[in-house]
Q: 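Would you mind keeping the following structure in view while I ask a few things?
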Amino acid sequence: PAPAGLPGDSEPEEAVSDDSSRHGGRVRGFPHERGSWATHVYLPRRAQEEFLELLELLLCRARTYVPSLAAMEEFHLSLSQCVVLRYHWIGPFVRSLKERLGAFHRFFCVADQVKVYTNQNKLQTFIGLEVSAGHFQLLELVSEVDRVLEEFDLPTFYKDPSFHISLAWCVGDLSGRLDGQCLRELQDIVDRFEDSALLLRVQWEEIRCKSGNKYFSFPLR
């Protein structure tokens with residue numbers, strides 16, 4: 001059985017607010033419960049000035065179809081779903097990730113295909129850049145992350161995942177407005193953007209895990 005806690009390791013208070021008006025109308029995927037920490041494994045994407053210029057062009061065009069679109073504050077590529085982890089398992093979970101991911105080397109991906117996504121409950125819509133090169137290496141990483149999740153009886157990643165970097169989001173399922181003509185216009189902006197081939201070629205240097213308000217980094221070799 002799982003221990004109630006680790007000796008000398010009291011659980012900190014985590015600031016929680018379910019008031020959706022304070023974060024753009026977004027709704028938690030699961031209710032907050034004391035001792036349960038939302039946990040996510042991902043590759044962080046640093047945004048250069050040119051990348052933000054491209055994002056602004058895409059947003060300006062996309063907002064003619066969906067005015068409520070907002071830019072993401074941070075950019076990443078997910079290697080896991082957002083799962084719920086008990087506080088006293090954060091340490092063992094992170095150690096297991098470190099063991100399984102420690103042998104991986106840095107690698108490149110190309111994320112240059114504009115695609116529209118919705119989350120599982122259709123409460124949010126996203127515009128993202130889907131990976132067109134580097135899929136195999138990402139699947140290898142996900143396989144190792146999945147093994148750690150299975151150790152803790154947590155849901156693994158999606159089958160046949162569409163690896164992508166989310167750029168913008170809005171509340172509700174508005175994918176119908178963004179697919180079709182809007183999507184073609186956005187892809188044209190990406191294809192014509194100066195140095196887009198170089199700009200959208202990303203070298204991944206570290207993997208991160210966010211659990212509640214804690215961050216853990218696993219540098220790639």
Q: In the structure I gave you, are the side-chain heavy atoms of Phe157 and Val41 within less than 4.5 Å of one another anywhere?
A: no
Q: With distance as the sole criterion, is a donor-acceptor pair present between the side chains of Thr125 and Tyr117 under 3.5 Å?
A: no
Q: Could you tell me if Glu130 and Ser162 have a donor-acceptor pair between their side chains, going purely by distance under 3.5 Å?
A: yes
Q: Establish, from distance only, whether the side-chain atoms of Ser132 and Asp112 form a donor-acceptor pair under 3.5 Å.
A: yes
Q: Do Tyr87 and Trp37 have ring centroids that are under 6.0 Å from one another?
A: yes
Q: Kindly check if the number of other-residue, nucleotide or ligand heavy atoms within 6.0 Å of CZ (Arg201) is above 12?
A: no
Q: Do Lys210 side-chain atoms and Gly212 backbone N/O form a donor-acceptor pair below 3.5 Å?
A: yes
Q: Would a hydrophobic clustering, with Ile, Leu, Val, Met, Phe, Trp and Tyr connected at side-chain separations under 4.5 Å, put Leu101 with Phe108?
A: no
Q: Would you indicate whether the side-chain heavy atoms of Ser68 and Leu174 approach each other to under 4.5 Å?
A: yes
Q: Go through it in stages, so that I can follow the logic: the residues are Arg184 and Asp188, the test is salt bridge (Lys or Arg N to Asp or Glu O under 4.0 Å), and I'd like the CA-CA distance, side-chain angles, deciding distance and then a yes or no.
A: CA-CA 6 Å; Arg184 289 189 290 271; Asp188 187 59; over 6 Å; no
Q: Would you check if the side chain of Asp173 reaches a backbone N or O of Ser175 as a donor-acceptor pair within less than 3.5 Å?
A: yes
Q: Assess whether a salt bridge exists between Arg45 and Glu205, defined as any Lys/Arg side-chain N lying under 4.0 Å from an Asp/Glu carboxylate O.
A: no
Q: Drop me the distance from Tyr215's OH to Arg208's CZ, to the nearest 0.5 angstrom.
A: 8.5 Å
Q: Step through the shown structure and confirm whether more than 12 heavy atoms of other residues, nucleotides or ligands are within 6.0 Å of CD on Glu194.
A: no
Q: Do Leu57 and Leu183 belong together in a cluster built from hydrophobic side chains that touch within less than 4.5 Å?
A: yes
Q: Should Arg46 and Glu206 be marked as a salt bridge (Lys or Arg N to Asp or Glu O under 4.0 Å) after you check the CA-CA gap, both sets of side-chain angles, and the distance that decides it?
A: CA-CA 11 Å; Arg46 295 181 179 87; Glu206 65 170 321; 3.4 Å; yes
Q: Indicate yes or no: at least one non-hydrogen side-chain atom of Phe107 is less than 4.5 angstrom from one of Leu220.
A: yes
Q: Show, in sequence, the C-alpha distance, side-chain angles and deciding distance for Glu185 and Tyr65, and conclude whether the side-chain hydrogen bond (donor to acceptor under 3.5 Å, both in side chains) test is met.
A: CA-CA 11 Å; Glu185 292 176 9; Tyr65 293 86; 2.9 Å; yes
Q: Evaluate side chain to side chain contact (heavy atoms under 4.5 Å, CB included) for Leu199 paired with Gln48, printing each intermediate quantity in order.
A: CA-CA 9 Å; Leu199 177 62; Gln48 316 98 309; 4.0 Å; yes
Q: Between His40 and Ser78, do the side chains contain a donor N or O and an acceptor N or O under 3.5 Å apart?
A: yes
Q: Using modelled atom types and a 3.5 Å cut-off, is there a donor and acceptor pairing between side-chain atoms of Arg106 and backbone atoms of Gln203?
A: no
Q: Should Phe75 and Phe51 be marked as a ring-ring contact (aromatic ring centres under 6.0 Å, His included) after you check the CA-CA gap, both sets of side-chain angles, and the distance that decides it?
A: CA-CA 11 Å; Phe75 305 96; Phe51 183 82; 5.2 Å; yes
Q: Determine whether Ile189 and Val114 make a side-chain contact, defined as any pair of heavy atoms from C-beta on separated by less than 4.5 Å.
A: no
Q: Does Glu74 CD have over 12 foreign heavy atoms under 6.0 Å away?
A: no
Q: Using the rule that two of Ile, Leu, Val, Met, Phe, Trp, Tyr join whenever any of their side-chain heavy atoms come within less than 4.5 Å, decide whether Phe193 and Ile127 are in one cluster.
A: yes
Q: So Leu52 and Leu54, do their side chains get closer than 4.5 Å, heavy atoms only?
A: no
Q: Please report the interatomic distance NZ(Lys214) to CG(Leu85), rounded to the nearest 0.5 Å.
A: 11.5 Å
Q: Nearest 0.5 Å, what's the CZ-NZ distance between Phe163 and Lys115?
A: 12.0 Å
Q: Indicate whether any N or O donor in one side chain lies under 3.5 Å from an N or O acceptor in the other, for Ser96 and Glu151.
A: yes
Q: Is any side-chain heavy atom of Leu154 closer than 4.5 Å to a side-chain heavy atom of Phe93?
A: yes
Q: More than 12 foreign heavy atoms under 6.0 Å from NZ of Lys98: is that the case here?
A: no
Q: Within the 4.5 Å heavy-atom criterion, are Leu138 and Cys109 side-chain neighbours or not?
A: yes
Q: Would Arg86 and Ser36 satisfy side chain to side chain contact (heavy atoms under 4.5 Å, CB included), going step by step from the backbone distance to the final call?
A: CA-CA 5 Å; Arg86 301 297 293 179; Ser36 297; 2.9 Å; yes
Q: Using modelled atom types only, decide if a donor and an acceptor are shared between the side chain of Asn119 and the backbone of Leu123 within a distance under 3.5 Å.
A: yes
Q: Please report the interatomic distance CG(Leu167) to CD(Glu56), rounded to the nearest 0.5 Å.
A: 12.0 Å
Q: According to a hydrophobic-cluster definition based on side-chain heavy atoms being under 4.5 Å apart (Ile, Leu, Val, Met, Phe, Trp, Tyr only), do Val110 and Val131 belong together?
A: no
Q: Between Gln124 (side chain only) and Val171 (backbone N and O only), is there a donor and an acceptor less than 3.5 Å apart?
A: no
Q: Under 3.5 Å, is there a donor-acceptor pair between the side chain of Asp179 and the main chain of Val116?
A: no
Q: On the 0 to 90° scale, with breaks at 30° and 60°, tag the Phe152-Trp89 ring pair as parallel, tilted or perpendicular.
A: perpendicular
Q: Taking a hydrophobic cluster as the set of Ile, Leu, Val, Met, Phe, Trp and Tyr residues connected by side-chain heavy atoms closer than 4.5 Å, whether directly or through intermediates, do Ile207 and Phe104 fall within one such cluster?
A: yes
